[in-house]
Amino acid sequence: MDTAFDSKQPGTAPARTPARAPDRGGSAPHGLLAVQRTAGNAATVEMLRRAGHRHPLATVSSLPVQRMYNPGHGGHGGGGAGFPPQGFVKEESPDEYLTPEETMARVASLVDNPPMENYGARRQGRAHGEFWMRFPRDKSNEAAEETLTETSALLFDSMKGAQEKAREDEPDKTAEDANNREVQGMLINDRLVFATNYNSSVDTLVERGRKKNKGGQPTFQELLSIRQSDEGATRGLRGHEAENQREKLASFRRKNAAIVAGERGEGEQGRGEDATALALRARLGEPVIVVNIEDEKLREYLTSRKYEGRVFLLRFAALDPRAKKTGKNKGQPTAEGSVHAEQKLLLALQYANIVPHQDVKGPMSIMGKYRPCMGCAAALMYYKRRLEFTNLSFDENYGHYFQGAVNSLYDHQRHIMDKHYLEYIRQMVMDDITNTPAMMNEAAPQEAVHRRGGPALRVPGRYASRQADVTPPTSDAEFDDEGHYHRTTRPLKDTWTVETAHVGIGQGSQTHNVPRRKHEQLSEAQAAELKALWNGRKGMPPTNESRQRAIELAYGYKNSERMTLKYLGGIIELDANRLGGYLTRYENEGHWKHTPSRSGKVENQPKSHKKGDPAKQFTKGGKLDGEGKKTLKALIRSLTGHPWCDAWQRIHDNELPQELNPSQMPDELLMKLAELRRQKVDVPSMSKYMHTGEKGDNLRKAITRKGEPLLEKQLAAAAQVKTEPEDVEMGGTASYPTASTSYAESSTSYAEPSGSYAEPSGSYAAPSGSSAPGYPQGRTADYGYGSGGGADYGYGYDAGEGSSSSAYPPAPAEVPGFTLHIDPGTNQPYYIDEDTGGRYIRVHGRMTRIRFSDDVEMEDA
Ligand SMILES: [Zn+2]
């Protein structure tokens with residue numbers, strides 16, 4: 001063992017750099033982090049502000065610290081292209097000290113404000129409104145980096161392949177680590193270290209390799225021979241993404257074969273020397289070494305000549321599940337933690353006490369399948385510039401910002417959370433924009449510029465790729481008849497144009513416009529009224545009518561007064577989800593009067609609720625009846641604030657002899673009227689109730705011209721069935737929600753047409769604590785997620801095409817203007833409005849907004 005090992009803890013990095021900043025903040029870091037995670041960045045900033053700190057932006061732009069970019073240094077791409085213009089400032093020993101907490105808060109403030117936008121309600125992280133789209137380029141001068149990226153992508157596919165096979169073996173077990181999205185490799189001292197976000201990816205792969213190898217530790221190439229099925233590799237991808245993915249993997253495999261054959265790596269055919277390839281093929285027969293970051297041998301593994309040419313797979317045991325020590329699930333394992341792969345590699349340097357210049361000889365690089373996120377890019381830059389790993393190359397064309405990455409730096413590498421780190425983030429946010437790759441076969445258009453080694457074009461964020469891949473190389477490998485490798489240049493078949501561009505991550509929304517929290521409250525009298533209507537008064541149980549009125553009121557409070565379900569539910573002592581379900585149903589159907597099945601058993605056969613659901617409430621072909629009036633009235637009330645609706649309420653309530661112009665109605669109302677007309681509800685009777693004229697001619701025109709097309713558009717959107725599930729954070733090849741929770745199983749839907757406001761007997765139920773008498777029992781009623789029955793019901797499950805494997809639930813449909821997501825907690829699909837960032841679910845083919853009491857917190861990677 002090396003002597004340096006007496007102090008392998010993170011607190012003892014090379015002497016010239018204080019490994020851990022003194023905790024001058026005096027606050028409890030973990031407590032703060034907890035606040036950060038639960039309450040969002042703004043809350044943390046506010047907390048720090050109250051604690052007497054300066055506003056985070058007050059000085060952020062004036063720190064005389066080291067610049068991220070050096071003119072002439074173009075990252076691994078070389079070429080520089082003069083970025084940033086003349087900004088390089090050598091460090092000027094700034095006198096200001098920032099605690100890690102202050103650094104976090106200022107980073108938060110930077111990324112929470114313009115020019116940063118959030119994508120997919122932050123599930124795609126944050127990024128700029130425009131991106132540099134980077135087109136395929138020649139990488140012959142960055143051969144080691146190219147191979148590191150390509151090998152990482154192959155290893156990732158093998159990890160997914162191993163998970164796929166593990167699932168086949170044990171279909172009952174949910175696939176571990178379905179969330180892993182990344183592999184990054186490090187070339188150091190002529191050996192290779194690979195890391196993932198989740199340890200279990202490494203475990204599952206090596207386990208699979210051992211199984212194939214009859215118990216023996218597998219070699220790296222044996223691991224790479226484990227592959228994912230095409231179905232798995234392209235699951236969740238759109239057509240062009242799948243094609244791109246296939247071509248990349250096939251090309252990378254050809255290159256790997258050339259390396260293994262000993263024909264690629266030595267600077268052949270105009271290519272620069274490739275230290276990664278040489279390391280890969282140096283000891284092909286040797287097994288991989290799985291090593292924990294905290295392992296005492298790590299330093300030897302990374303520095304001793306004995307291990308040159310070896311391949312290591314890195315684990316970080318601190319992230320493994322452990323038994324819960326307290327709480328009702330005591331003894332149960334906690335969820336596996338994750339740290340972005342690049343950070344694990346940096347942690348390895350730190351734990352192994354690697355001193356740059358002294359312990360590292362030759363080229364050093366950290367490259368992966370994906371470009372680093374902003375938080376990781378800043379950490380890599382910190383190691384390069386501040387910790388003097390000057391020969392470290394990495395992809396400086398960073399991708400999106402994910403808060404989780406910065407949080408885990410705070411957790412594990414607090415020594416770099418200082419003003420320099422902040423400055424790197426600041427430069428990425430303020431002086432530059434996010435990067436995104438073009439497709440592998442896409443050529444740059446004429447207007448592209450040469451930037452950091454290759455062609456790039458500024459494109460609107462919506463075209464940014466859903467996969468944050470490293471920029472594709474233009475080179476390929478081919479084999480002649482004798483099996484010899486030839487380096488070729490791939491023809492770029494397509495030229496990117498905005499007219500033909502695929503929409504990628506969708507439109508961003510301003511981070512500062514994300515609805516924060518709703519705090520309006522009811523007056524005491526209002527609260528008492530609502531409570532009495534729902535629960536009854538002493539000696540006076542609630543009636544069907546009183547409950548209907550309570551629902552109407554709650555609906556109005558929620559939508560126009562912006563009160564939370566939790567708050568409203570608390571007042572009437574009803575579970576917030578259940579109340580939400582009722583309000584959703586009310587919004588869609590108006591009041592209902594069905595008798596609940598006493599058993600609470602869910603009926604499987606789709607009833608007549610397929611299309612004409614509201615028909616239950618309305619007499620077909622007749623005049624607008626009482627239920628219809630109630631529905632329209634409730635809809636108008638929910639649109640309080642709209643001038644037309646306000647006018648209607650005034651006229652209606654005071655029975656004023658005035659007429660309203662139906663063409664000024666809000667769209668929602670016109671659509672509802674169009675729907676009623678389709679159900680043969682008499683237009684003059686509707687017009688009379690709408691105060692738009694006795695005969696109804698004007699209303700008929702308005703419905704025909706505006707309501708009907710809107711309704712048609714909505715129904716078309718609902719009917720659209722495409723299997724393009726989006727996923728969270730950098731979608732790529734993520735697995736679908738695990739098999740154990742199939743959508744088809746979520747049969748309990750609030751939207752099932754049963755349940756009444758009152759007991760079927762007709763006698764009014766007495767209030768009984770928090771349960772809602774007369775309301776459907778034994779139903780989960782989470783927000784009215786559609787039941788499995790009926791393709792145009794609920795989510796419009798794709799019943800026709802794309803017959804997914806039985807291991808996976810059917811894919812929910814995509815809706816234009818929305819991005820589809822899967823809630824990681826419930827596996828339920830939901831939709832993010834690309835314009836507003838609002839969260840929706842689909843009920844009866846209708847997009848229904850869900851509101852949250854808090855800011856949407858982003859996904860950890
Ligand atoms: Zn990252």
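One-based numbering, in listed order, for ligands and for the atoms of each.
Salt bridge D157/K369: absent, no basic N to carboxylate O contact under 4.0 Å.
When atom types are taken as modelled, the side chain of N113 and the backbone of S109 share a donor-acceptor pair closer than 3.5 angstrom.
The cationic atom of K384 (NZ for Lys, CZ for Arg) does not lie both less than 6.0 Å from the six-membered ring centre of F389 and within 45° of the ring axis.
A donor-acceptor pair shorter than 3.5 Å cannot be found between the side chains of Y351 and D295.
Within the 6.0 Å centre-distance limit, the rings of F220 and F194 are counted as a close aromatic pair.
Scored by the side chain to side chain contact (heavy atoms under 4.5 Å, CB included) test, A317 finds N292, E294, R315, D320 as partners (sequence neighbours excluded).
Screening the protein for N, O or S atoms under 2.8 Å from the Zn ion (ligand 1) yields 3; no waters enter the count.
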